[in-house]
Structure formats: structure tokens, C-alpha cells
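Below: the structure, in C-alpha cells.
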Amino acid sequence: MFDNPELMKAIFGRLTLEALPFHEPILVATFAVVAIGGVALVGALTYFKLWGYLWTEWFTSVDHKRIGVMYIVLALVMLLRGFADAIMMRAQQAMAFNGSEGYLPAHHFDQIFTAHGVIMIFFVAMPFVTGLMNFVVPLQIGARDVAFPFLNNFSFWMTAVGAALVMVSLFVGEFARTGWLSYPPLSNLAYSPDVGVDYYIWSLQVAGVGTLLSGVNLIATIVKMRAPGMTLMKMPVFTWTALCTNILIVAAFPVLTGVLALLSLDRYVGTNFFTNDFGGNAMMYVNLIWIWGHPEVYILILPAFGVFSEVVSTFSGKRLFGYTSMVYATVVITILSYLVWLHHFFTMGSGASVNSFFGITTMIISIPTGAKMFNWLFTMYRGRIRFEVPMLWTIAFMLTFVVGGMTGVLLAVPPADFVLHNSLFLIAHFHNVIIGGVVFGSFAGITYWFPKAFGFKLDPFWGKMSFWFWVTGFWFAFTPLYVLGLMGVTRRLRVFDDPSLQIWFVIAAFGGILIAIGIASFFVQLAVSIKNRDKLRDVTGDPWNGRTLEWSTSSPPPAYNFAFTPVIHDNDAWWDMKKRGYQRPLEGYKAIHMPSNTAAGIILAGLSGITAFALIWHIWWLVIVGFVALIGTAIGHTFNYHRSFHFPREQVVKAERERTQLLQTVRA
């Protein structure tokens, strides 16, 4: 059989032993470390007999809280991989002077910077914000779960499988060498005949389905499942930002799906949608990818704005200043985010009129963002500010993001953009807003809601360690890139000729090391907090003296969230209840209708991953088997009529009595 190349091709497609990177010592060493870590993890889970617990309580769970936590765990795992890529790039650039080629060959460097962008946007930032929205929104609106609990589980596993495909590309084949948006003609077959771009396409298609379905789910939840009395203008600002974010997801992600489908047709069946030589147009791809790509930036930042609004209000001990203007600013940003995409390619010959229109709309979109900044400042004004770790992240965001915003306005001026467009100045700006906004917002949100999720706070000392290393590391890492960009140094370079530039790259690499210590401090914080959880325990459910509805439940909340559906009279619902002397009902409990756990989500996502892997490697028999199994499983799931159960009244009574006793202990 092994002597018959045609049979081998029919069975394995393009997958051969040459696809394994035995000739790359860096990859072999990485694979060895990952393999040892994986075996150790599997061994530990087996030794402590945790597989059954994980399967029943987490992997098959449809509880929005657990799914939210799993999204954030996925983001943290992928952060380690994405940041490792960043450190490798910075080390390469700091070394590659005075005739040195550095330690990364060109094709490996190109894969790393492509994978870094893809992982950080799709599999770090997106799971961070989706996880926070999943966990918090149903609690904030007084719902027992999301509108479609099974769909929520399926969405998470599709995102996880997309991430797994990117990780597999590290060891089986290779990833794209095109940059994180895979522009043609680089992504066409003529320039990328290997499987790298196919990994890119199918990992994003699989994850994109998960993101799109999650968006539909959260919109339905917010629109249809709010507690009585919670009108749109009584929703917490975080819920508002979640609503606008998911409207953007539903509007933008089909464009990504469509453009990747056209690119895959170019690669698989020989169409030429994006091949200029054969009647296509590569600029059509650039337009379509940025029609998705610019709303994507606001998909990431809007939930972070919501986090900062909740944190500023809580830790200033005041109602959020300008609630109505905050809501209008969020809606205006949502609409305008669809009218600015062309500023990403001012230099590509669209003409003065088009460039002027998109330059003006880009400047206009900074106005509602600025209004938000002033609202946060006015909320803090004369407030009793508590400098807890979430508030530190928020203040750092305000300082950092303003710089990113100002450099963004500079880049919105077409003549300035012609000079700076392809330079490291643009890289510094983009990282300024994404790290200063999304990453800082994610860590603020994790620290803020962690006691709600797990019943104990995160250790403040290690939280401050992580905070200070992240913030100082950020400025060391990206200020030099602003300087280099103004000097005219272009991005995506692996080696440099001018030795005077080296010091700036060394400073940037030092900043990366500081950020690495910040990330390590966060994981130490988790370990220390778990160890000292009894000292950090929250028995009140309201450790920060919060203002919104999620703080009215126990920490962690029961599976059903609320024994009785709350009635809302104010946009700071929990603060209003406390002010009115609200007393929890202590009797009259009933059985609660709840969705059942299901394995269908993880099975469907697994089959999608198998089908995608087969498409990448042209294993056509496996594509057919995987696709048929996928459709069959989906149809079979529609005949599952046992999707819910009643949470017994006795268990509700028991859980609520235990909380009553805890609260009485605290008051005593």
C-alpha cells in the first residue's frame, strides 16, 4: 500500500510525512514542550478522576455562566500562544542587525506574524468579550439563561475547534504567510500553494459560525428576556454595549464568511474572483475584508467600554454620569463603524473624494468615544473613588486609550496616512487601542466579576503586580514603534540594515518581557487566590457594593440565577433595591424550568473540525464522511425532545435557605 502513491493520495490527500516539521528545530522543541504539557494535563485529570466531572458539569453544560467561564479560559490559553509569537518576533527584530539574519527563517517569521494577528483577534480578544457578555448579560437583565442555551454551548465549541485548527497548523503542515487578513494575491494558489491559507480559511469559517450564532443568541436574549420593568433605557450600560456589539456581529460576520468562501473557491475550484490577471479584482477582497474588519474593531472595544462604565460607577460610589448620552454614543459608534472601513487603504488609489469622505467619518466617530471619556471622568468627579484593581485597569485605559485615539485621528488624515500607512506607527496605534482598550477592559472585567463567578475575590497584591507590569511593559513595547514609524520604518520586516535603529527594537523587546511578567503575575494571582480562597471568600454576593442586578444573587449564582424574577424600577436596579430596603422573599418558592445539558454541541463542533481538517488536506472521503455525520447529527438532535427539566422546589428552598443563613451570619 505504501508503495502506491495514487492510493496514498486517495487516502491521505496532501497529508504526508513531509508535512511534519522535523526539519524545524524550533517547532520540534515547541511540539515536545506542548506534548509533555498535554500528557501531564491528561495524566493529572485522569489521576484525580476529573473527566466525568468536566464532561457533565462543563463540556456539556448549557449554563450561560459556565460557558462564559470556558470562553475566558480559552482566551487565556490562546493568549499564551499568541504572546509567545509576539515575543519571538520582537526577539528576531532586536537581533537581526549588522548582517545578522536572526534566528527565524523568513517563511517561519511570516507564519508567526500571521498567526499572532489571527490568534489575538479571533481567539483571544473575541473569546474574552464573548465570555464576559455570556456570563454577565443574563444576570444583569434578570434572566435565567440565554434565549437558546444549546446554541450557546455549540457556539463555544465551534470557537474552540477553530482555535484548535490554528494550533494544529503549528505541527501538521504550516500556517498562512500572508498577514492576518490574507490579502490576495499572496493568498492565491500561485503564491501560497501549500495548506497555510487553507488552515486560515477553515479555522476562521468554523469559529465564525460560532461567533455569528452567539451574536444571534445574545440579541434575542437582550430583546426578549429582560425582567419586568427593564425598558431599553433602564438597561445597564454593559448590556447596551453587548446589544450593539452583537448587532454588529450579526451584520458583519456574514461578510467575512462570504469573502472567505470566495477565496476558497479561488483556491479549490479555480475561480478568479480576486485574481487581477484573469478578470477578478484583488481590491474587491480588500474592501470586503475591511467591511467586516472595521466593525470587528468595535465589536471588541464596545464591551470593554461597557466594563469600564460598570467599574467607574461602582468604584466611584456614584450613578454613571450621562447615562442617556452613553447609550446614544454607543449607538452612534455602532452605526458609524460601518462607514469608516476604507481608511484602512487610503493609499490604494480610491481618489480624493472617497478618501475625504472616509477621513471625515473616521474623525466623527472619535466624538462619541470622547463623550464617553468625559462621562467617565465626570462620574469620578467628587466620587468616593476606591482604587481596587478593576479601577486601576480603568484609569490606565483612560490614559492609554486617549493616546491611541489621538494617533487614530492623525491616521484619519489621508495625506498623513500616505506617509505613515505601512509603517510601525500604524502597528503602535493598533496595539495602543486593542491592548489599552480590549485587554485592559478584559482584565478589569475578569477581576470585577471573578468573585461573582467563583465566590471569592482575586488576590489584590498579585493583581497590582500584573497591572503595573502590563502597563509599563505596554509603553516600553510600543512607544519605540511610534518613534520608528515616524522615522519611516516599515512593518513586517524581519531584518534591518540601519544599525542605529537597533536600540529601539531592543527597548520594544524589553517591553515585551515586562508584559510577559505581567501575564505570569496574573496566573500566579489565580493560583494564590485559589489557595487563599477562604480568606478572600465573598458570602454576601455583593463584594464591591455593586449597582446592577447581578450583585443581587449569591456568589456564585445558583444554576437558575433568580428564585423569583426581579421587578426593575431603575437602571441601577440593585442600588435602587438596596436604597428602598429590599428584602429577599423567603417563601413561596416553586420548581424552576431549566434547559438540560447536552453533548450535541461538542459532537457537532468536533465533526465540523474533522471536516475542516479534511478540506485543508484534500482528504475528500473524510470530507464526505464528516459532512454527512455532521448533517445526520444535527437532524438527529432535532428529534431530542428531552431538552429541559424542572429544578426541584426542594433544591430551590435548600439553596435559598443556605444563602439566608450566610447573610444572617454576615449581618451578625
Side-chain angles (χ1 to χ4, degrees), residues 125 128-129 132 136 236-238 241 300-323 325-326 329-330 366 368-408 428-429 431-451 457-479 511 514-515 517-519 521-522 525 543-548:
F128 265 143
V129 299
L132 289 173
V136 176
V237 171
F238 182 79
T241 58
L300 298 178
I301 199 63
L302 283 176
F305 286 169
V307 171
F308 296 128
S309 298
E310 303 294 341
V311 168
V312 165
S313 179
T314 298
F315 292 103
S316 298
K318 283 177 63 184
R319 181 184 292 275
L320 186 70
F321 182 91
Y323 170 86
S325 63
M326 276 292 206
T330 304
S366 67
T369 310
K372 283 176 175 285
M373 200 66 68
F374 282 111
N375 281 347
W376 291 320
L377 287 170
F378 285 132
T379 304
M380 293 165 65
Y381 177 65
R382 300 186 77 172
R384 287 181 171 272
I385 300 172
R386 291 173 284 149
F387 292 101
E388 302 275 2
V389 175
M391 192 65 180
L392 294 179
W393 284 112
T394 302
I395 293 168
F397 149 77
M398 294 169 77
L399 295 168
T400 307
F401 195 83
V402 164
V403 174
M406 289 191 297
T407 55
H429 158 71
H431 285 80
N432 198 325
V433 292
I434 293 297
I435 293 177
V438 183
V439 176
F440 287 9
S442 298
F443 282 118
I446 289 168
T447 313
Y448 182 57
W449 282 301
F450 189 92
K457 289 183 180 181
L458 284 170
D459 181 81
F461 171 78
W462 283 101
K464 288 172 184 174
M465 287 280 285
S466 178
F467 165 78
W468 284 113
F469 276 113
W470 257 105
V471 174
T472 54
F474 165 79
W475 286 107
F476 270 106
F478 293 102
T479 306
L514 293 180
I515 293 173
I517 298 170
I519 294 171
S521 297
F522 175 76
Q525 181 190 22
W544 310 118
N545 195 19
R547 307 181 72 85
T548 44

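Predicted model only: the values in this text are computed from it and were never measured.
Taking both residues in full, the closest heavy atoms of I301 and G437 are given as CD1-CA, 3.5 Å, listed atom of the first, atom of the second, then distance. The nearest pair of heavy atoms linking T407 to G404 is OG1-O, 2.8 Å. Heavy-atom minimum distance, A125 versus V438: CB-CG1, 3.9 Å.
For S309, the side chain to side chain contact (heavy atoms under 4.5 Å, CB included) partners at least two apart in sequence or on another chain are V237, L320, M326, W376. Remark: T447 engages no residue in a side chain to side chain donor-acceptor pair (under 3.5 Å) (not counting sequence neighbours). With sequence neighbours left out, the side chain to side chain contact (heavy atoms under 4.5 Å, CB included) criterion links T400 to N432, F440, F474, W475. When the side chain to side chain donor-acceptor pair (under 3.5 Å) test is applied to S325, the partners found at least two apart in sequence or on another chain are N375. Residues that satisfy the side chain to side chain donor-acceptor pair (under 3.5 Å) test with S521, not counting sequence neighbours, are absent from this structure. For F378, the side chain to side chain contact (heavy atoms under 4.5 Å, CB included) partners at least two apart in sequence or on another chain are F321, F374.
The line from CG of L377 to OH of Y381 is 12.0 Å long, rounded to the nearest 0.5 Å. Note that the CD1 atom of I434 and the NE2 atom of H429 stand 8.5 Å from one another [nearest 0.5 Å]. Taken from OG in S316 to CZ in R547, the straight-line distance is 9.5 Å, to the nearest 0.5 Å. Note that CG of L132 is 6.0 Å distant from CD1 of I446, once rounded to the nearest 0.5 Å.
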Side-chain donor/acceptor pairs under 3.5 Å, residues 457-470, sequence neighbours excluded:
{"residue": "D459", "atom": "OD2", "partner": "F461", "partner atom": "N", "Å": "3.3"}
{"residue": "D459", "atom": "OD2", "partner": "W462", "partner atom": "N", "Å": "3.0"}
{"residue": "S466", "atom": "OG", "partner": "G518", "partner atom": "O", "Å": "2.9"}

Would you list the atom pairs, donor with acceptor, under 3.5 Å between side chains in residues 385-396 and any protein atom, with sequence neighbours excluded?
{"residue": "R386", "atom": "NH1", "partner": "W544", "partner atom": "O", "Å": "3.2"}
{"residue": "R386", "atom": "NH2", "partner": "T314", "partner atom": "O", "Å": "2.9"}
{"residue": "R386", "atom": "NH2", "partner": "W544", "partner atom": "O", "Å": "2.8"}
{"residue": "T394", "atom": "OG1", "partner": "P390", "partner atom": "O", "Å": "2.9"}

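Contacts classified as salt bridge (Lys or Arg N to Asp or Glu O under 4.0 Å) and involving residues 301-320 (residues at least two apart or in different chains) are given here: R319-D570.
In this structure, Y448 has its ring center no closer than 6.0 Å to that of F443.
Note on ring orientation: taking the six-membered ring where Trp is involved, the planes of F397 and F308 are parallel (angle under 30°, cut-offs 30° and 60°).
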Please lay out, stage by stage, how F238 and T548 fare under the test side chain to side chain contact (heavy atoms under 4.5 Å, CB included). CA-CA 10 Å; F238 182 79; T548 44; over 6 Å; no
Evaluate side chain to side chain contact (heavy atoms under 4.5 Å, CB included) for V307 paired with W449, printing each intermediate quantity in order. CA-CA 10 Å; V307 171; W449 282 301; 3.9 Å; yes
